[in-house]
S.K.: 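Sharing a structure with you now.
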Amino acid sequence: MTLEWLLKIFVDNWPMYLRGAGITLYIALTGTLTGSFIGLLIGVIRTIPKPEKGIKKIILKLVNMFLTAYIEFFRGTPMIVQAMVIYYGSALAFDINVDRLVAALFIVSINTGAYMSEIVRGGIISIDKGQFEAAQAIGMNHLQTMKNIILPQVIRNILPATGNEFIINIKDTSVLNVIAVSELFFQTKSIAGNNFRYFESFFVACVIYLIMTLTVTWILRSIERKLDGPDSFTLGGNQMQI
Amino acid sequence: MEKIIEVQHLSKSFGTNEVLKDIDFAVNKGEVVCIIGSSGSGKSTLLRCINLLEKPSGGQIIYKGENILDDKHDIFEYRTKLGMVFQQFNLFNNLNVLGNCVIGQTKILKRSKEEAEKVAIKYLKVVGMDQYVTAKPKQLSGGQKQRVAIARALSMEPDVMLFDEPTSALDPEMVGEVLKVMKTLVESGLTMLVVTHEMGFAKEVADRVVFMDKGVIEEEGPPEQIFNNPKTERTREFLKRTLEKE
């Protein structure tokens, strides 16, 4: 009976599954957070008002060119290929053996960063011009405006898209098995290789992936609701949210 | 009289469209100046040029004897001396009422949080919004938002308050509450520069009324002169058109 096999496989191998799921979550979470940070940073740089002349203008232009190249390269090539190129390439070029997990974190982070910087750009564009003007009018410069006024609103607005990235990352870390990172897919492969029950072994993995993605979805939704707060204000009501 | 801001030969073009042409104009300390004129006459652009939200194409803006259009002048510091109130309120959506009034003080003026909150509450009381400190902008009506926006600008304790059509985006029943707040500010002796369509307000509180038309100052003088005895044909026409509507 298949159901019995499913249970037996899970009971026999749960430490491996759990470790795999742990690594998957770790890579996905770190990748998403670092990627979001990269995205926010690039978003701020790419919205710097253009200086009219001088060396600043040239530097900004060069930086922007570099950022565009970065985004286009990492959006335009598959992560599985990037993993191979970066992992084996670094060994070939610098004669160093990078730790597989470090390589994995690096690849997922910069990949997410490329996507996130476009998401952040969209988020910044969508903020009303009046918010920028009001910030400037009280004397804020670009960095202060971004940090205090714009980015907090952008982060709220791009939360759904960031959640998307997180979920994609949970699933896509599975491609890192090509450089033998011991994430959930890799672990499942070795479990199945031992018992030759491919369907059952991977079905268990399937359920674990689903549990992870659904949990993340649910957590992000509650964060959004918490950030939004109520739509109306009651005078004298207990709304401590300073 | 001490001039706070003086504009000399100011011009502004958007592409080939010349919005302001050779404007000479000054605001004296303690004075309330209302700028009136039809849409597209350049009055809002003039106000936005004064605090450099628009970069003037030519001319000078003199503040405390210095031309702030000089490359080396610190425009960020200059802007803290001007309080700006927008037509669309532009409250910071990520902050509550108190946060809106505090952030500029702590981040720009480097006041302590306690001091900033004290100042903020003081001005929120002036505009009658001190009960709403924890409310978010989306929870407020238009009139309430505008009153908070006024308190936000006042909290920076600027030398001049600039109002860019502060009541134009409000429902008619909310115009009154904002104008009432503005009148208390006038009584407190604040220097104010108000772009407005509210002729009654201009007539009642202005020390001087400036009528703008097609990018030039067509006529300026005390309200009695502008409203009762306008000197130019265009001013007469404009007033006839607007006062008929009221």
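Convention: sequence-line order gives letters A, B, ...; per-chain numbering from 1.
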S.K.: Quick one: of B/M84, B/K138, B/Q87, who has the most non-hydrogen atom pairs under 4.5 Å with chain A?
M.R.: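 Sorted descending by pairs with chain A, the first entry is B/K138.
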
S.K.: Go through the steps to decide whether B/E157 and B/R111 satisfy the test salt bridge (Lys or Arg N to Asp or Glu O under 4.0 Å), and finish with yes or no.
M.R.: CA-CA 12 Å; B/E157 301 184 316; B/R111 287 181 185 155; 2.8 Å; yes

S.K.: Between B/N93 and chain A, which part of the residue has a heavy atom less than 4.5 Å away: side chain, backbone, both or neither?
M.R.: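 Looking at B/N93, backbone and side chain both touch chain A.
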
S.K.: Give the C-alpha distance, both sets of side-chain angles, the deciding distance and a yes or no for side-chain hydrogen bond (donor to acceptor under 3.5 Å, both in side chains) between B/Y123 and B/D130.
M.R.: CA-CA 8 Å; B/Y123 289 111; B/D130 53 315; over 6 Å; no

S.K.: With only heavy atoms counted, which part of A/D128 is less than 4.5 Å from chain B, the side chain, the backbone, both or neither?
M.R.: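 For A/D128, the side chain is the part near chain B, not the backbone.
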
S.K.: Please state whether the side chain, the backbone, both or neither of A/D228 comes within less than 4.5 Å of a heavy atom of chain B.
M.R.: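 Both parts, backbone and side chain.
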
S.K.: Determine, using ring centers only, whether A/Y70 and A/F66 are less than 6.0 Å apart.
M.R.: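 Judged by ring-centre distance (under 6.0 Å), A/F66 and A/Y70 do not meet the cut-off.
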
S.K.: Flag the one option from B/L109, B/D74, B/I103 with the top tally of heavy-atom pairs under 4.5 Å to chain A.
M.R.: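 Heavy-atom pairs under 4.5 Å are most numerous for B/I103.
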
S.K.: Does B/E31 use its side chain to pair, donor to acceptor, with the backbone of B/N28 at less than 3.5 Å?
M.R.: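 The answer is yes, because a donor-acceptor pair under 3.5 Å joins these two groups.
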
S.K.: Please classify the contact of B/L162 with chain A as side chain, backbone, both or neither, using a heavy-atom distance under 4.5 Å.
M.R.: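 The answer is neither part of B/L162.
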
S.K.: Quick check: do B/M182 and B/V205 have side-chain heavy atoms less than 4.5 Å from each other?
M.R.: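 B/M182 does not reach B/V205 side chain to side chain.
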
S.K.: Examine whether an atom of B/Y132 lies under 4.5 Å from a heavy atom of chain A, and if so say whether it belongs to the side chain, the backbone or both; otherwise answer neither.
M.R.: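 Both backbone and side chain.
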
S.K.: For the pair B/K180 and B/E177, find out whether any cationic side-chain nitrogen is under 4.0 Å from an anionic carboxylate oxygen.
M.R.: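 No, no charged N to carboxylate O under 4.0 Å.
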
S.K.: Relative to B/F92, does B/R152 satisfy both conditions: NZ or CZ under 6.0 angstrom from the six-membered ring centre, and within 45 degrees of the ring's axis?
M.R.: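 Because its charged atom sits under 6.0 Å from the ring centre and within 45° of the axis, B/R152 does stack over B/F92.
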
S.K.: Please determine if A/R121 and A/E118 form a salt bridge, counting it only when a charged side-chain N lies under 4.0 Å from a carboxylate O.
M.R.: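 Answer for the salt bridge query: yes.
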
S.K.: Determine whether the side chains of A/R75 and A/Y115 contain a donor N or O and an acceptor N or O closer than 3.5 Å.
M.R.: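 A/Y115 and A/R75 do not have a side-chain donor-acceptor pair below 3.5 Å.
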
S.K.: Would you say the side chains of B/D159 and B/T191 form a donor-acceptor pair under 3.5 Å?
M.R.: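 On atom types as modelled, these side chains do not qualify, holding no pair under 3.5 Å.
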
S.K.: Where does B/I108 contact chain A at under 4.5 Å (heavy atoms): side chain, backbone, both or neither?
M.R.: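 Side chain only.
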
S.K.: Does anything in residues 134-153 of chain A get under 4.5 Å of chain B by heavy atoms, and if so which residues?
M.R.: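 Residues of residues 134-153 of chain A touching chain B at under 4.5 Å: A/A134, A/A135, A/Q136, A/A137, A/I138, A/G139, A/M140, A/N141, A/Q144, A/K147, A/N148, A/I149, A/P152, A/Q153.
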
S.K.: Looking at B/L140, B/L95, B/L91, which one has more heavy-atom pairs under 4.5 Å with chain A than the rest?
M.R.: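 Most pairs with chain A among the choices: B/L91.
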
